[in-house]
Amino acid sequence: MKTRSLLKISDLTIEELNSIIEDALLFSNEKKDWQFPNQYLVANLFFEASTRTHFSFESAELQLGMKSVDFNAETSSVSKGESLYDTIKTFEAIGYDAVVIRHPEDNYFEKLEEIKIPILNAGDGCGNHPSQCLLDLLTIFDEFGTFKDIKVVIVGDISHSRVANSNKDALERLGAYVRFSGIDEWIPDGYDKMSMDEAVEWADVVMLLRIQHERHSVSFNMSKDEYLEKYGLTKKRYARLKEKAIIMHPAPINRGVEIDSDLVEAPKSRIFKQMSNGVLVRKAILKRAFNEKF
Ligand code: CP
């Protein structure tokens, strides 16, 4: 069995990005009920909290006819000091065909180079979130039918966001323009910045991000109202968006901080569509992992 991990979006060629999106589109239509010819066994190891990624991977696994189990670090031998490598090597040894891993450490997968079963990265620290990036790409493609010349502004806590890193890499390679908006200290040097007032008139896609308080070393003190007014999507700014512009957010959302709560389900919002697309994309990622054909 030829296996393929998914660790970083930058590991995928443009052809591979497009192929996953094509498969995800097929899963939404004529291949809706398609299942693997073999019953694979997968373990979902979430060392950090998750709702969307965890349960959309699980939904994808079940829809594909896989058997899946959830790992709980607190009741496992991790609590006795077992390393990540030994934990994953154990899953390989006892017969699992693949592992899905979310872990707080950037690039945790560099310690797992000797593992032979596919590793599907469900987010590593502030590093990468390839399956989120792919579902974001699918959502943009669904809307515009292309990435070429699409203007995307990523707004908020860029420096702590694995979503921003993965999306910048993929979208620029696919021909989109990517700019950034938010507090200066949260936007890395060399990134193309703009104010939120400029952004709402420039962008086809406004991608909002949550403030990742759990990754900040210094606590953040600005009031919610002040942050929304200066850096967020208010109703006044929403009214100035282009006619065909869309709003995206990987979620979880801090309602009333990066976005006015009333806009979360506004006509231009694709936030819940992104979540539905997450299942399709994760089915395509699993299909690729086992090199299975339709
Ligand atoms: N977008 C995302 O990764 O959400 P979860 O943390 O709930 O998985």
Side-chain angles (χ1 to χ4, degrees), residues 6-9 20-21 24 42-63 68-74 98-109 119-140 142 152 154-171 182 186 205-216 232-233 246-255 257-259 263-265 269-286:
L6 177 61
L7 306 176
K8 295 181 286 185
I9 209 77
I20 292 171
I21 292 166
V42 60
N44 299 314
L45 297 93
F46 281 74
F47 294 85
E48 247 190 10
S50 168
T51 300
R52 278 146 290 274
T53 313
H54 189 161
F55 294 99
S56 61
F57 258 116
E58 191 161 310
S59 176
E61 291 155 6
L62 297 176
Q63 288 182 39
S68 76
V69 298
D70 278 344
F71 169 82
N72 181 342
E74 283 169 25
V99 283
V100 175
I101 307 176
R102 172 171 288 189
H103 199 279
E105 194 180 316
D106 287 16
N107 299 318
Y108 67 82
F109 42 79
I119 298 167
L120 305 177
N121 181 11
D124 60 284
C126 301
N128 308 273
H129 198 345
S131 65
Q132 176 70 44
C133 174
L134 285 157
L135 74 87
D136 290 342
L137 294 180
L138 175 61
T139 306
I140 293 170
D142 264 346
V152 181
I154 307 182
V155 183
D157 190 0
I158 313 298
S159 52
H160 297 98
S161 171
R162 51 199 177 204
V163 177
N165 292 337
S166 297
N167 274 319
K168 178 180 187 309
D169 173 78
L171 284 164
W186 293 351
V205 178
V206 177
M207 189 179 287
L208 302 163
L209 301 176
R210 178 177 71 88
I211 304 172
Q212 307 224 359
H213 293 284
E214 71 277 22
R215 301 191 204 282
H216 286 224
L233 189 66
I246 60 168
I247 306 165
M248 295 173 58
H249 192 311
I253 300 160
N254 290 315
R255 285 176 179 256
V257 182
E258 61 268 13
I259 181 169
L263 299 176
V264 172
E265 294 180 65
S269 171
R270 298 294 178 272
I271 296 171
F272 289 94
K273 174 80 172 160
Q274 285 172 267
M275 296 178 203
S276 312
N277 282 343
V279 178
L280 302 172
V281 149
R282 288 170 178 126
K283 285 171 82 169
I285 290 168
L286 288 158

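All residue numbers refer to positions in the sequence shown, counting from 1. All ligand and atom numbering here is 1-based and tracks the order in the structure. Values reported hereafter were calculated over all heavy atoms of this structure, with side chains retained and with hydrogens, waters and symmetry mates removed.
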Please determine whether any non-hydrogen atom of Gly123 lies less than 4.0 Å from an atom of ligand 1. no
Heavy-atom donor-acceptor pair, Asn128 side chain to Ile9 backbone, under 3.5 Å: no
Of all protein heavy atoms, the one nearest atom 4 (O) of ligand 1 is Arg52 NE, 3.1 Å
Tell me which protein heavy atom sits closest to atom 7 (O) of ligand 1, plus the residue, atom name and distance to 0.1 Å. Thr51 N, 2.8 Å
Can you tell me how far CG of Asn121 sits from OG of Ser131, rounded to the nearest 0.5 angstrom? 7.5 Å
When rounded to the nearest 0.5 Å, the distance separating CG of Asn167 from CZ of Arg162 is 13.0 Å
Answer whether the closest heavy-atom distance between the side chains of Phe47 and Glu105 falls below 4.5 Å. no
So for ligand 1, is Pro252 a polar contact partner (N or O within less than 3.5 Å, distance only)? no
Close side-chain approach of Gln274 to Gln132, heavy-atom, < 4.5 Å: yes
What part of Ala122, side chain, backbone, both or neither, has a heavy atom within less than 4.0 angstrom of ligand 1? neither
Would His129 count as a contact residue for ligand 1, given that I'm defining contact as a non-hydrogen atom of the residue lying under 4.0 Å from a ligand atom? yes
Quick test: of every protein heavy atom, which one is nearest to atom 6 (O) of ligand 1, and how far off is it to 0.1 Å? Arg102 NH1, 2.9 Å
Considering all heavy atoms of both residues, which atom of Ser161 and which atom of Gln212 are nearest to each other, and what is their separation? CA-NE2, 4.2 Å
